[in-house]
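Worksheet: one structure, shown below.
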Amino acid sequence: MIIRYLELKNYRRFRQQALEFPENLVGFIGPNGAGKSTLIEAIAWALYGTRAARGSKTDIRSQTAGPREVTEVTLIFEIAGTEYKIVRQLRGKNAIMEAALYRSGSDEPLAVQEKGVNQFVERLIGLDYRSFFASVFARQKDLAALGNMQPEDRRQAINRLINIDAIDRARDLARQRKNQLESELSGMKAMIKDPEALEKEVQALTEQVKKEEEAEALAQKSVQKAKARFDQAKQEFERLSQLRDRYQKLDADMGKCVSEQDATGRHLKDTRAELKKINKSKDDLKALKPHLERHETVKAEKEKLDAQKARLENWQNLQEELKHQQEQAEAERRIVEQARAALSQHGDPEAELKKLEDRQAELDERIVRFENEQKQVNADCTAIEVQGTDLKEKLGNIEKLGQDSPCPVCTRPLGEHYSSVRQHLQSEIQRLRQQWKTANGRRQQLEKDLLVLKDQKQELQKQKENLREAVARLQGERQRLQEAEKRYQQFNARVQELNKKIADLGEIEFDAAEYERVLQEFEKLQKIHERALTLQALIDREPDERRKAEELERRLQQLEGQLSELKKQQEALQYDEKAFQKAKAEYDQALHDYNQVRDTLAEAGRALAAARTRLQNAENELNTVREQIQKTEELETEKRYYEALVEHFGRFRMHLASRLRPLIAARASELLRMTTSGRYSLMELDEEYSIRLVDQGETHKLQRFSGGEQDLANLCLRMAISQVVAERSGKSPVQFIVLDEVFGSQDQDRQQLIMQALLQLQSRFRQIFIISHVEAIKEILPVIIQVELLNAQESRAQML
């Protein structure tokens, strides 16, 4: 596996960054905190997700990115000649993870989502993220940590690196499963019932079911006999019930005939009385005839006088309305003149308001521009203060300890570099002071300018409020003028309309005394007229009343014949009420007996069903016990397998450890020989992985040698472990390695030797990434990626 391409968007300090990586020694050079390790971390994050990054997901997103912007890493790598691409993103305010993995040349993903991509990467590379870090990353702090550990802790740490701890975990899991099986077996055996007792219970319940089946058969025969008796009684009862229904219907029909006879006789009597009343009304109507002729004459006179009175009342109403409309029109005319005079006194406040709004927009734009600049200046001052505090602390520490002070980067004693490092820190602090003074001066000037602009904005706001009130008053006056003019026109139009209607009426003649006399006479004659209409209506009904009397007489004769016929039909039925009651009693008894034996049959059925259920439950319980017995036998077998597995894992661990330690020592010795020009060619590792070096034929502990030689030996051991882990992955080997700050304690000659050794390692690692803040190693690296600070929050990287 080698890395081809890396692209970052809003990832920590990198706003936008893209890099292509050759197969070579590649150096990442730049000051501390610039983001060198961040680029390597982004590779691990793309492969393994959040587990491989420092901090939480929200820490990964760049501080300069907005809440809606996406954090994204794109990684292209090659395995066994095939290229793969991973795109991993964080989206939204809650940093939702999205991921996809593609084969080169295909738009269809091989895996999606964080879990799917992580699992695919582990299968593809053959390493989980812990093993990947163990085989790829070598940090100087890791090297020192190995040397300073207690023997047992160091042995366990290296076992984790070479994955022997995976065998320990597997053995622990097997032991846990064995203990779990023992617990399950103990519980199951305590719960299993006696199978022989259950078999006896099943046999007894089988006999009970047979007895209940015989009882149900007897009840079924009784039901059949009772059913035959019930059917016979039911047939006779239904025959007599039908006969009784016909007899009762005829009796009801005769009652209806008698009732109708009585009603028809009463109606005939009333009709004859009405005919006598009609004959008397004819005489009364003849006596009223002279008064009816005078009624028509008086009615015509009244209608003529009604028309004259209506015209007079209309003329009077029009005169009153005309006067009211003229008064309203005059009032509205005065309102119009007053409104026009008030409007002529106003200026043009709308135009003045528009000018003020344009001035305020210009002020707002300047204020926003100054505030943005103020935020940037504040951020720059804060960043300078943080850097200055850090440098002052470092300067104070080294001045306190002198030449024995550790290097702020590699932690080795400064020695002869003390003066140059101290002078460098002092010059950096002086430079930061000058930067802070310039930035702070600009910050103070911006504060003054903003105060002036905001005062001007406040004054403009007051002027705008006054003008808005003037514009509102002007608009109100205009609205009142329009409404008054509209009302004035409406009143004038109504005045003209009323004058025309009055003129159309002309002169009006009306005698009120004559109208009162005619009205009194008309009211007297109207009552006589209404009496005559009532009499005439009664006389008009005479033909209908005579026909009605004839029809009633005929209906009485028909009802007499129907009543006689119904009596004959009822006598022919020969219905006997006593016979009906006897049949009903026999039917009720047969029904009672039939229901009783049916209840007995149902009870027998329920008893049989209950017996069968108890039998089924007992059989099921017996089968369950047999299955439990079989399950315990299977668990006993599984437990014996896990006991053997625990023993075999222990033996395999001892065998693997005995083989890997000499292999790691051999690889480390080879690297040590190359980096020391053959001075040290043999490294030995005891059971706790403590390092011993052979010097001039004698074996010595590592503490005997200088600090730089100790770091070199630990580096060779760490790289040897990386080779062994990569080779044991079982997949295509990881052919790149990362060395983070491993040159800090080495002099220039030793750095050259390490570089030569790394060049020879390119047959095993096609890519070697070296992270360092030591600018001097630029001259000995074939490929350089320079990482530099742009500001307090951003960095960039470029290949030199």
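If you're wondering where the values come from, they're calculated on a predicted model, not measured in any experiment.
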Is a side-chain N or O of Ser564 found less than 3.5 angstrom from the main chain of Glu560, in a donor-acceptor match?
-> no
Say whether Gln581 and Glu577, considering side chains only, have a donor N or O and an acceptor N or O under 3.5 Å apart.
-> yes
Gln203 atom CD, neighbour heavy-atom count above 12 within 6.0 Å = no
Would Gln235 and Asp231 count as having a side-chain donor-acceptor pair, cut-off 3.5 Å?
-> no
Between Lys249 and the options Asp245, Asp251, Asp253, the salt bridge (Lys or Arg N to Asp or Glu O under 4.0 Å) test singles out Asp253
Partners meeting ring-ring contact (aromatic ring centres under 6.0 Å, His included) with Tyr247 (sequence neighbours left out) = Tyr575
Taking atom types as modelled, is there a side-chain donor on Gln208 or Glu212 under 3.5 Å from an acceptor on the other?
-> yes
Atom NZ of Lys464: over 12 foreign heavy atoms under 6.0 Å | yes
What pair of heavy atoms forms the shortest contact from Leu450 to Ile367, and how long is it?
-> CD2-O, 3.9 Å
Is it true that a side-chain atom of Asn10 and a backbone atom of Val70 form a donor plus acceptor pair closer than 3.5 Å?
-> yes
For Arg555, which of Glu551, Gln557, Gln558, Glu553 qualifies under side-chain hydrogen bond (donor to acceptor under 3.5 Å, both in side chains)?
-> Gln558
Between Glu483 and Gln479, do the side chains contain an N or O donor and an N or O acceptor separated by less than 3.5 Å?
-> yes
Does the Asn314 side chain pair with the main chain of Ala310, one donor and one acceptor, at a distance under 3.5 Å?
-> no
Short side-chain to backbone donor-acceptor contact, Asp576 and Lys578, under 3.5 Å | yes
Asn492 and Gln496 side chains, donor-acceptor separation under 3.5 Å = no
salt_bridge(Glu523, Lys527) N-O dist < 4.0 Å | no
Side chain to side chain contact (heavy atoms under 4.5 Å, CB included) between Gln526 and Val298: does it pass, once the steps are laid out?
-> CA-CA 10 Å; Gln526 181 66 23; Val298 173; over 6 Å; no
Does one side chain, of Gln589 or Asp593, offer a donor that lies under 3.5 Å from an acceptor on the other?
-> yes
Would you please classify the geometry between the Phe230 ring and the Tyr587 ring as parallel, tilted or perpendicular, with 30° and 60° separating the classes?
-> tilted
